[in-house]
Amino acid sequence: MSSEIVRPHTADLYDAHVLKNYGRAPLTLVRGRGSYVWDDDGRKFLDFTSGIAVSALGHCHPHWVESVRHQAGELIHASNLFRNPLQGELARRLVQRAGPGRVFFCNSGAEANEGLLKLARLHGMRKAGGEEGKCYKVICAENAFHGRTFGGMSATPQEKIQGGFRPLVPGFAFGKLNDLQSFTDLIDDQTAAIFIETIQGEGGVNAATPEFLRGLRALCSQHNVLLMLDEVQCGVGRTGKFFAFEHADVRPDAIGMAKGLGGGFPIGAIWIGETSAELFKPGSHGTTFGGTPLACAAALAVLDILEREDLLAHVTKASVAWHAELTALAAAFPVHIKGVRGQGFMIGIQMTEDAPGWVTALREAGLLVPMAGGNVVRLLPPLNASTAELNEAVALLTKVLQARSA
Ligand SMILES: *Cc1c(COP(=O)(O)O)cnc(C)c1O
């Protein structure tokens, strides 16, 4: 079919048949290579959305494509009633990164977080001497985002996400990020876990400080409370370390991962440290699609490429000059930019107003970026974005800012 026919057709089909739960851009993407995508008119965009931090290696990395293509011809899915040759190896590689413990595979960030919230219940029962329903509370952070399932939503204290869906899961309380006292005040005998994003993504790119994370670690150890970190967005190399909490030199009791792990293929995972991994017994948790050979092949390809191309070092090194450029941009346009924050390739530009308008203007200029809470424009380049591509994004931002200031 020629693009002249496809374009109006696609929009009409969405209008007529697709659930209207997204505020979607009027753009149909048909092809991607590296840091670029093309629409059905043949227009090229620099893609610093990366599928919301999912396409960690850009689009169609040749080694990733070859691995997925090969595995699709061997075995795609056989269920968790049997072993497959790739799931054990992927678990080993994640344990190598996270520390002694065990890994469970699922399909999304929300599903990973559900697993963590169930872990909190099992730990609470252990803490209460085996009695169920006595110790079940979870303390999360204001502005958090943990997903759209009932558990994830209950851990996400935002009206736009919870509204219309109450009653929620009971037992959630919310402290202020980076205010250790507010978390300390909320802990009691019924607290099973503290659960936060190491760097809040959807909430506006707000990082937990190293001191705060170390404080939470001590607080949790003191009260026999699990420290569970949601690294669904900030994990798998996005900040220049494999896990963002490595910057603070702390070890959580459990970790949720998803977005970047499959490089575009849906896969989620939870890692549970060895003192709690045995809480899950045969039959106590599961998922049909988790850890299929195909999903694991995709994730193993991501880990291979991260290592072979030394991408953690690349993110760390390339982000120094890039952050300096972005900070200079903020200084040059104080009327529009309040500040720039984040780490590595996870950046939030805090606008003074109208983040949606900026995202639209940037798209029209050729740069795709997502928004975040509180008037923030996020930049999430692929981890292998080149210095030239990072500079191109700065040039496009500059052009759009100049046009608005003229
Ligand atoms: C995206 C995200 C989730 C939810 O992941 P889904 O795959 O959309 O279910 C959870 N936590 C964080 C921090 C996220 O960024």
Side-chain angles (χ1 to χ4, degrees), residues 19 21-24 48-56 104-120 138 140-158 160-162 165 168-169 172 174 177 193-208 213 227-239 242-245 252 254-271 287 289-291 295 298-299 302 341-348 369-374 376 378-380 383:
L19 200 70
N21 60 316
Y22 295 112
R24 221 185 299 262
F48 276 17
T49 298
S50 300
I52 320 182
V54 165
S55 308
F104 166 80
F105 292 103
C106 55
N107 306 284
S108 69
E111 195 186 0
N113 289 342
E114 290 300 313
L116 294 180
L117 295 172
K118 285 174 77 172
L119 172 70
V138 177
C140 300
E142 289 174 5
N143 270 319
F145 179 81
H146 295 295
R148 305 291 193 145
T149 50
F150 267 95
M153 201 166 55
S154 304
T156 299
Q158 294 178 52
K160 69 171 193 245
I161 284 167
Q162 297 182 338
F165 300 111
L168 300 169
V169 178
F172 288 89
F174 299 93
L177 188 72
I194 288 177
F195 179 40
I196 66 161
E197 295 158 272
T198 316
I199 302 178
Q200 293 182 338
E202 304 307 307
V205 190
N206 309 306
L213 286 170
L227 177 60
M228 311 196 303
L229 294 179
D230 180 345
E231 292 245 348
V232 166
Q233 186 163 153
C234 61
V236 194
R238 182 133 297 276
T239 66
F242 190 81
F243 293 115
F245 62 74
I255 308 163
M257 306 159 235
K259 290 194 165 92
L261 184 58
F265 198 92
I267 181 169
I270 56 178
W271 168 91
T287 184
F289 290 110
V302 169
R341 55 182 182 254
Q343 191 145 27
F345 283 8
M346 181 171 181
I347 292 298
V369 292
M371 249 180 337
V376 168
R378 254 182 305 174
L379 303 179
L380 302 169
L383 305 183

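Both counts, for ligands and for their atoms, begin at 1 and track the order of listing. The residues of the chain are indexed from 1 along the displayed sequence. Side chains are part of it too, since the values below use all heavy atoms of this structure and drop only hydrogens, waters and symmetry mates.
Judged as a side chain to side chain donor-acceptor pair (under 3.5 Å), and not counting sequence neighbours, the contacts of E114 are T149. Here T49 pairs with nothing under the side chain to side chain donor-acceptor pair (under 3.5 Å) rule; sequence neighbours left out.
The nearest pair of heavy atoms linking A372 to G201 is CB-O, 3.6 Å. Nearest heavy atom pair, residue F195 against residue L229, reads CE1-C, 4.3 Å.
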Start with the C-alpha gap between E197 and L177, add the side-chain angles, then the distance that decides, and say whether side-chain contact (heavy atoms from CB on, under 4.5 Å) holds. CA-CA 10 Å; E197 295 158 272; L177 188 72; over 6 Å; no

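Protein residues having at least one heavy atom under 4.0 Å from any atom of ligand 1 are S108, G109, A110, N113, F145, H146, G147, E197, D230, V232, Q233, K259, listed by chain and number.
Residue pairs meeting the salt bridge (Lys or Arg N to Asp or Glu O under 4.0 Å) criterion with at least one member in residues 141-154, sequence neighbours excluded: E142-K176.
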